[in-house]
Amino acid sequence: MNKNFLFLLPLVLTSSLLLAEDKEPPLFKWRKVEIAKIDIGYGVQLTDVDGDKKTDIVLCDKKTIQWYQNPSWEKHIIARDLTKRDNVCVTARDIDGDGKCEIAVGGQWNFSETRKDGAVFYLIPPKDRTQMWTPVKLYNEPSTHRMHWIKHHGGKYALTVKPLRGRGTRNGVGPGLKLLAYLPPADPRAEWKTELIADFLHLSHNFHPVNWDSDPEEELIEAAKEGVWHFDYSGGKWNSKQLTKDFAGEIRDGKLPGGKRFIVTVEPMHGTKSAVYVEPEGDGLWKQAAVLDEKLQDGHALACADYLGIGSDQIVVGWRAMNGGGVPGIKFFAPLDKAGTKWREQQVSAKEVAVEDIKAADLNGDGLADIVAAARQTKNLTIFFSKK
């Protein structure tokens, strides 16, 4: 064998690896299936409701809470008219390990009122989970807006609930909103104790559970007028850390091809801009690596997952164009480098789906995350199945 070739072999192999790592990801392909007509579709959750090991769709609609059974997508209404005003949010997750989800709901939605409206319910399931569930009304702060079940201390779960506004505020001026953790009692009809997570942020549209450290408890990242903040329960208390400064309305997290963590936002609340921030080497603010889009109209939803099956995450951005007479849509962004500075954009849908909420999960067991979008003006619930 040529000695010069042996000398160059390590360089050849290194170059091949670099080419493989830098290879552009495949294009996103999907199969669109509209499964239902709805009223608004305030919130969507993807989880196993009936314990058959298939991921179902839970929907918080205007006056009803319902789930759609995988794979027929048959609709089952489980709560109706919980409050005089609209429902606004839902969270569904298996918190007791029986393979079936527990569900909580937020309602009595009033966008600008900050003193009396809002509601929080836990739903007790019957033996037949396709029938009506029993609501248990819990304490609530005004302006109930988003909620999540999270893994909390002591190996138990907590229901975290976030208002949109602080009590008595006007245009984001006044007391901060109270982000609370509700601790479920053995009997859900008994009193639920609460923990204060934070009370200094204003106009917070969305938040998201994460697990960025080595302990089993989950943390929260919250988007607000004051930027994005991280909340971690440790040492017997909730600790806060600011990640970004710009007013953000939506927030999700993911992993880049090189393994580095990123967060993606919509800025400001109901905003026009979607940006990617990458975790710093030290303890400073996260650095903006890319702006995905600056022409969203009423940006309202994000979902990060591996839709392409490449071992890292991609981003779906949805907007509803509810005000201003624009065109709604969904876009898909795939990273083209390890640093998260370059992203390829694809249009998934336009005027046919005016996104109110988006979630991602593998619905058909092919190993690829699928998109579920609930839409307001277009009044439809749609699955975009990822295709290899």
Side-chain angles (χ1 to χ4, degrees), residues 24-30 32 44 203 205-208 221 223-225 227-228 243-257 260-279 286-308 310 312-360 369 371-378 382 384 386:
E24 190 166 312
L27 290 170
F28 179 56
K29 300 177 182 178
W30 66 91
K32 176 186 169 187
V44 172
L203 293 177
H205 195 263
N206 219 326
F207 73 135
H208 183 64
I221 49 175
K225 182 180 178 181
V228 176
L243 304 185
T244 71
K245 287 187 175 182
D246 292 342
F247 188 174
E250 306 299 322
I251 180 69
R252 294 290 184 265
D253 77 315
K255 286 288 185 71
L256 292 168
K260 204 162 190 179
R261 183 176 291 119
F262 71 84
I263 56 176
V264 58
T265 62
V266 169
E267 302 173 3
M269 183 174 77
H270 296 169
T272 58
K273 172 183 172 183
S274 181
V276 173
Y277 298 82
V278 178
E279 62 179 330
W286 288 43
K287 180 181 178 181
Q288 183 176 293
V291 174
L292 301 178
D293 200 313
E294 291 185 284
K295 296 181 180 180
L296 303 176
Q297 291 186 277
D298 201 10
H300 213 260
L302 297 166
C304 297
D306 189 1
Y307 307 89
L308 301 176
I310 59 176
S312 59
D313 293 322
Q314 304 92 51
I315 299 169
V316 168
V317 181
W319 66 100
R320 59 186 187 176
M322 191 169 75
N323 302 302
V327 177
I330 301 172
K331 286 184 179 180
F332 178 85
F333 296 89
L336 299 178
D337 64 359
K338 293 180 181 179
T341 61
K342 299 176 182 178
W343 296 75
R344 185 184 61 213
E345 173 186 319
Q346 286 181 260
Q347 189 87 25
V348 178
S349 73
K351 63 181 181 179
E352 62 271 20
V353 181
V355 174
E356 186 73 12
D357 193 22
I358 278 180
K359 291 296 187 295
I371 302 168
V372 177
R376 178 184 281 258
Q377 300 96 286
T378 51
T382 304
F384 297 87
S386 303

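Numbers here simply count residues along the sequence, with the first being 1.
- Judged by distance alone, the side chain of Thr378 and the main-chain N or O of Ala354 form a donor-acceptor pair under 3.5 Å.
- When all heavy atoms are compared, the tightest approach of Pro335 to Pro25 is O-CG, 3.7 Å.
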Please evaluate residues Asp298 and Arg320 with respect to the criterion salt bridge (charged side-chain N to carboxylate O under 4.0 Å, His left out), reporting the C-alpha separation (whole Å), side-chain torsions for both, the decisive distance (0.1 Å), and the verdict.
CA-CA 6 Å; Asp298 201 10; Arg320 59 186 187 176; 2.5 Å; yes

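- Without hydrogens or angle criteria, Glu279 side chain to Arg261 main chain gives a donor-acceptor distance under 3.5 Å.
- Going from atom CZ of Arg252 over to atom CD1 of Ile221 covers 8.0 Å, rounded to the nearest 0.5 Å.
- Judged purely by atom type and a 3.5 angstrom limit, Arg376 has no side-chain atom pairing as donor or acceptor with the backbone of Asp357.
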| So Thr244 and Ile263, side-chain contact (heavy atoms from CB on, under 4.5 Å) or not? Walk me through it. | CA-CA 10 Å; Thr244 71; Ile263 56 176; 4.0 Å; yes

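- With hydrogens and angles disregarded, no donor-acceptor distance shorter than 3.5 Å links the side chain of Ser386 to the backbone of Trp30.
- Among Asp253, Val266, Val316, Asn206, the single residue meeting the side chain to side chain contact (heavy atoms under 4.5 Å, CB included) criterion with Leu302 is Val266.
- Separating the CD atom in Glu24 from the CG atom in Asp337 is a distance of 11.0 Å, to the nearest 0.5 Å.
- Ile358 pairs with exactly one of Val44, Thr382, Ile330 by the side chain to side chain contact (heavy atoms under 4.5 Å, CB included) rule, that one being Ile330.
- Looking only at distances, a side-chain donor or acceptor of Asp313 sits under 3.5 Å from a matching main-chain atom of Lys255.
- Scanning all heavy atoms of the two residues, the minimum distance from Phe384 to Val348 falls at CD2-CG1, 3.7 Å.
- Annotation: the span from Lys359 atom NZ to Ile371 atom CD1 amounts to 13.0 Å, rounded to 0.5 Å.
- Note that CD of Glu345 and CD of Gln347 are 7.0 Å apart. Values are rounded to the nearest 0.5 Å.
- Rounding to the nearest 0.5 Å gives a distance of 11.0 Å between CG of Leu256 and CG of Leu336.
- Residues Val228 and Phe247 fail the side-chain proximity criterion, which asks for heavy atoms closer than 4.5 Å.
- In this structure, Val355 and Ala301 approach most closely via the heavy-atom pair CG1-CB, 3.7 Å.
- Remark: the backbone N or O of Leu308 is paired with a side-chain donor or acceptor of Gln314 at under 3.5 angstrom.
- Checking side-chain atoms of Gln288 against main-chain N and O of Ala290 turns up no donor-acceptor pair under 3.5 Å.
- Between the side chain of Ser274 and the main chain of Thr265, a donor-acceptor pair closer than 3.5 Å is present.
- Nearest heavy-atom pair across Val278 and Ala289 is CG2-CB, 3.5 Å.
- Between Ala305 and Ala360 the shortest heavy-atom distance is CB-CB, 3.9 Å.
- Aromatic pair Tyr307/Phe332: ring centres closer than 6.0 Å.
- For Lys260, the NZ atom is densely surrounded, since the number of other residues' heavy atoms within 6.0 Å is greater than 12.
- Looking only at side-chain heavy atoms (C-beta outward), Tyr277 and Val264 stay at 4.5 Å or farther from each other.
- A donor-acceptor contact shorter than 3.5 Å links the side chain of Trp319 to the backbone of Val327.
- Other residues, nucleotides and ligands contribute over 12 non-hydrogen atoms within 6.0 Å of the NZ atom of Lys32.
- A heavy-atom distance below 4.5 Å is not found between the side chains of Thr272 and Gln297.
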Working for salt bridge (charged side-chain N to carboxylate O under 4.0 Å, His left out), residues Asp293 and Lys273
CA-CA 5 Å; Asp293 200 313; Lys273 172 183 172 183; over 6 Å; no

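- Between the His205 side chain and the Met269 main chain, no donor and acceptor come within less than 3.5 Å of each other.
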